[in-house]
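Note sheet for the following structure.
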Number of protein chains: 2
Amino acid sequence: MIRKSTSKATDQAAASRKPNLREAILAAAEELFSTNGFNAVSVRDIAQAAGANPGSVTYHFKTKDGLLLEIYRRHCGPMNRRRSELLAAARRVRDLQDRLEAIVRAFVLPAFSSGSDLAGGGARFTRLRAVMSAEGNEVARKIIAQTFDDTSHAFIDAIHESLPHVPRTEIVWRSHFLLGALYYTLVTPERVSRLSRGSADGGDAGNAIEQLVRATVASFQAPPLDQPAPARRRSADHPKT
Amino acid sequence: MIRKSTSKATDQAAASRKPNLREAILAAAEELFSTNGFNAVSVRDIAQAAGANPGSVTYHFKTKDGLLLEIYRRHCGPMNRRRSELLAAARRVRDLQDRLEAIVRAFVLPAFSSGSDLAGGGARFTRLRAVMSAEGNEVARKIIAQTFDDTSHAFIDAIHESLPHVPRTEIVWRSHFLLGALYYTLVTPERVSRLSRGSADGGDAGNAIEQLVRATVASFQAPPLDQPAPARRRSADHPKT
DNA sequence: TGATATTTTGTACATACGTACAAATAGCAT
DNA sequence: ATGCTATTTGTACGTATGTACAAAATATCA
């Protein structure tokens, strides 16, 4: 059950009455799942928000899990494609520092807006992934593992190339932190205010991206923990305070 | 409903049969909420994991929300206290670079293990906060707002003092990213493997902390976006591809 | 001890859930 | 129009949910 505004749902439903119910259901589910989590949203909630009958959801997607799966199917392809394009372009940047920044941007940008794709749902879909990740959703975990792993490796490789002195392990850690920061930024609504619909970088999403890129590039450039001194010196550095 | 292992729940229940049911319920709820989200876990799940009767949950905490509230009440105090102590110590570090690192460590450490407090639940509680934040849980949002805001401001002030040339806004952004990275690290179980019970920094939690501190310190030290103009050359960089 | 308060159990109720399915409707070729 | 398929509706079923509440068990203390 959802406690939010009762009026918005009907408005939204009225806005796009019946041109394509299937799409409306997908959009509504995406929005509701990404702001409330999977289990907090009922099939009836989704149907109502889409101006549809609960039965329609079963008809189009068979089960609630099937609906979630279809949302992922819809977005993963385009987003990965966009990322690959941007990454390829970034790889061609000569200056190593500039290249690193371009790579990070190539990773971050599609997460905020997947370009020309589905109703500016880039940020919404990323928010969804963040929530599903936090909830440990199995359906999401599986599809992400088999869809994003290749792309992730490509990014890590590219970053590693532009930072050869940093061990791969640490690059993995820092990419992990980047993803966490990205997720949290999109999940916390009062910070990146709305970014609403339309694929544009409207709102202060642009600023959020720049802040994230700047901070992340610096974090990648941090000296590695295990100093690659002559032999592998492994001193226990700082006192634990 | 939860699909996980059926055996573990009963084992755990048998382990601490009846010495303090109330505590057992709290611990079970913490564990289940933090790995599955709030709505995915039923009162019956919690009761079973704690070896208790569903009615006991109602008796001790009145409602499911009440149970969540009590979990927060239990942890917020000690964790904030620990953070304040570590922050105070960090502020006394002379060297600005070292001080920044100490401050970041003071923020991160209690999130992984709140010292001598409740059954090493530091990481577990942080994971819980991460999940509740992702799910937009209202109960959690309220109590966090009125409990953590002061501490957060103190940290931002301290960081600002050791980085006077970085505008406060950017420090806020970067703290935000830190929190996101921290949350995501604790939410993703295959990375920081288990850290299980016991307040010790066992497992590779220690490594995770060091990685996070190193990356975060560097991100704080990144040049701000709005250049105050001194040395740093900042051309209007790359084409947007 | 027995009385009294606290805790735990067992059960029951109303509601909300996911999904199935037959009936009704709309879309569209012929 | 007619027939046929795809979609949408309405409804119903079994189950799981949060919580209430009386009864039983246990602890506390004169």
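Please read all numbers here as calculations on a predicted model, not as lab measurements.
The interatomic distance linking R22(B) (CZ) with dT7(C) (C1') rounds to 12 Å, in whole Å. The CG-C1' distance, from N39(A) to dT15(D), rounds to 16 Å in whole Å. Computed from coordinates, the N36(A) CG to dA16(C) P distance equals 17 Å when rounded to whole Å. Here dT19(D) presents its P atom at 10 Å from NZ of K62(B), a figure rounded to the nearest Å. Going from atom CG of L68(A) over to atom P of dG18(C) covers 13 Å, rounded to whole Å. Rounding to whole angstrom units, CD1 of residue I25(A) and P of dG18(C) are separated by 14 Å. Atom CD in Q48(B) sits roughly 14 Å away from atom P in dG18(D) (whole-Å rounding). If you take CG of N20(B) and P of dT26(D), they are 17 Å apart, rounded to a whole angstrom.
Distances shown here put a side-chain N or O of Y59(A) below 4.0 Å from the OP1 or OP2 atom of dT7(D). Close to dA6(D), at under 4.0 Å from its OP1 or OP2, lies no side-chain N or O of H60(A). Contact annotation: T58(A) side-chain N/O to dT19(C) OP1/OP2 distance is not under 4.0 Å.
Side chain of A52(B), nearest nucleotide from dG18(D), dT9(C), dG18(C): dT9(C). Between dT19(D), dC17(C), dT9(C), one nucleotide has an atom nearer to the side chain of L21(B) than all others, and that is dT9(C). Of the candidate nucleotides dT19(C), dT17(D), dT19(D), dT17(D) has the atom nearest to the side chain of D45(B).
Side chains of S56(B) and N53(B): a donor-acceptor N/O pair is absent below 3.5 angstrom, by distance only. S152(A) and D149(A) share no donor-acceptor pair across their side chains, judged by distance under 3.5 Å alone. Using modelled atom types, one finds a donor on one side chain and an acceptor on the other under 3.5 Å when comparing E30(A) with H75(A).
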Tabulated below should be each protein N or O lying under 3.5 Å from an N or O of nucleotides 22-24 of chain D; please produce it.
none

Distances for protein N/O vs nucleotides 10-14 of chain D N/O pairs under 3.5 angstrom?
| from | atom 1 | to | atom 2 | distance (Å) |
| --- | --- | --- | --- | --- |
| dG10(D) | N7 | N53(A) | OD1 | 3.2 |

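For S175(B), the side-chain contact (heavy atoms from CB on, under 4.5 Å) criterion is met by I156(B), I159(B), I171(B), F220(B), not counting sequence neighbours. Partners of F61(B) under the ring pair (Phe, Tyr, Trp, His ring centres under 6.0 Å) rule, at least two apart in sequence or in another chain, do not exist in this structure.
Evaluation of the ring pair (Phe, Tyr, Trp, His ring centres under 6.0 Å) test over residues 34-55 of chain B, restricted to residues two or more places apart or in two chains, returns F33(B)-F38(B). Applying the salt bridge (charged side-chain N to carboxylate O under 4.0 Å, His left out) definition to pairs two or more places apart or across chains, those involving residues 173-183 of chain B are E170(B)-R174(B).
None of L182(B), L87(B), T151(B) except one satisfies the side-chain contact (heavy atoms from CB on, under 4.5 Å) rule with F107(B); the exception is L182(B).
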### Task
Go through Y72(B) and F125(B) one step at a time and tell me if the ring-ring contact (aromatic ring centres under 6.0 Å, His included) criterion holds.
CA-CA 8 Å; Y72(B) 273 81; F125(B) 177 56; 5.3 Å; yes
